[in-house]
Engineer: 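Below is the structure I would like to discuss, written out as structure tokens.
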Amino acid sequence: FCGSLPDAEQVYLTAQSMGWRIPEDLSLVCFSGTWRRGALAERMTCVAVDEQGIGARAAEILHEIRTGSRPLDDAERVVFDLELLEGETL
């Protein structure tokens, strides 16, 4: 399991250079956003979160704080669902 897509890509390439086959010899899963571009990125199995949705919600909250409709020390928790984006690495 890799904490980011770039790390997973590096592990993938390193494993291949050592002669390992993915997923036969090594399974590889990373944490990423739902937006993935690139030949290798699209092949990765990822636990993903909607980064565009998170960014939009963060902008809304910052706007509410700036306009005074939300206190700066508001304790609301915002939760986003995770999803599994299946790829060829698991």
Engineer: With a cut-off of 6.0 Å (strictly less than), are more than 12 heavy atoms of other residues, nucleotides or ligands near CD of Glu24?
Structural biologist: yes
Engineer: Check whether Leu72 and Leu62 end up in the same hydrophobic cluster, where Ile, Leu, Val, Met, Phe, Trp and Tyr are linked by side-chain heavy atoms less than 4.5 Å apart.
Structural biologist: no
Engineer: Answer with yes or no whether the hydrophobic clustering places Val78 together with Ile65; edges join I, L, V, M, F, W, Y residues whose side-chain heavy atoms lie under 4.5 Å apart.
Structural biologist: yes
Engineer: Would you say Glu42 has more than 12 foreign heavy atoms packed within less than 6.0 Å of its CD?
Structural biologist: yes
Engineer: In Å and rounded to the nearest 0.5 Å, what is the CD to CG distance from Gln16 to Leu40?
Structural biologist: 7.5 Å
Engineer: So which heavy atom on Ala15 is nearest to which on Ile22, and how close?
Structural biologist: CB-CD1, 3.9 Å
Engineer: If I compare all heavy atoms of Cys46 with all of Ser32, which pair ends up nearest, and what's the gap?
Structural biologist: SG-CB, 3.9 Å
Engineer: Tell me whether Trp35 is reachable from Leu85 by hopping between hydrophobic residues (I, L, V, M, F, W, Y) whose side-chain heavy atoms are closer than 4.5 Å.
Structural biologist: no
Engineer: Tell me if a side-chain donor or acceptor on Arg36 pairs with a main-chain N or O of Leu5 at a distance below 3.5 Å.
Structural biologist: no
Engineer: In chain order, what residues pass the salt bridge (charged side-chain N to carboxylate O under 4.0 Å, His left out) check against Glu60, with sequence neighbours excluded?
Structural biologist: Arg57
Engineer: What are the two closest non-hydrogen atoms of Met44 and Cys30, and how far apart are they?
Structural biologist: CB-SG, 4.4 Å
Engineer: Judged by atom type as modelled, is there a donor-acceptor pair below 3.5 Å linking the side chain of Thr89 to the main-chain atoms of Thr45?
Structural biologist: yes
Engineer: When hydrophobic residues are tied together by side-chain contacts of less than 4.5 Å, even through go-betweens, does Phe1 share a cluster with Val49?
Structural biologist: yes
Engineer: Can you name the closest pair of heavy atoms from Leu82 and Phe31 and give their distance?
Structural biologist: CD2-CE1, 3.9 Å
Engineer: Could you measure the distance from the CG atom of Leu26 to the CG atom of Leu90? Nearest 0.5 Å is fine.
Structural biologist: 10.5 Å
Engineer: Under 3.5 Å, side chain of Ser17 to main-chain N/O of Thr14, donor-acceptor pair present?
Structural biologist: yes
Engineer: So, using salt bridge (charged side-chain N to carboxylate O under 4.0 Å, His left out) as the criterion, who are the partners of Asp74 when residues are at least two apart?
Structural biologist: Arg70
Engineer: With sequence neighbours excluded, what pairs up with Glu83 under the salt bridge (charged side-chain N to carboxylate O under 4.0 Å, His left out) test?
Structural biologist: none
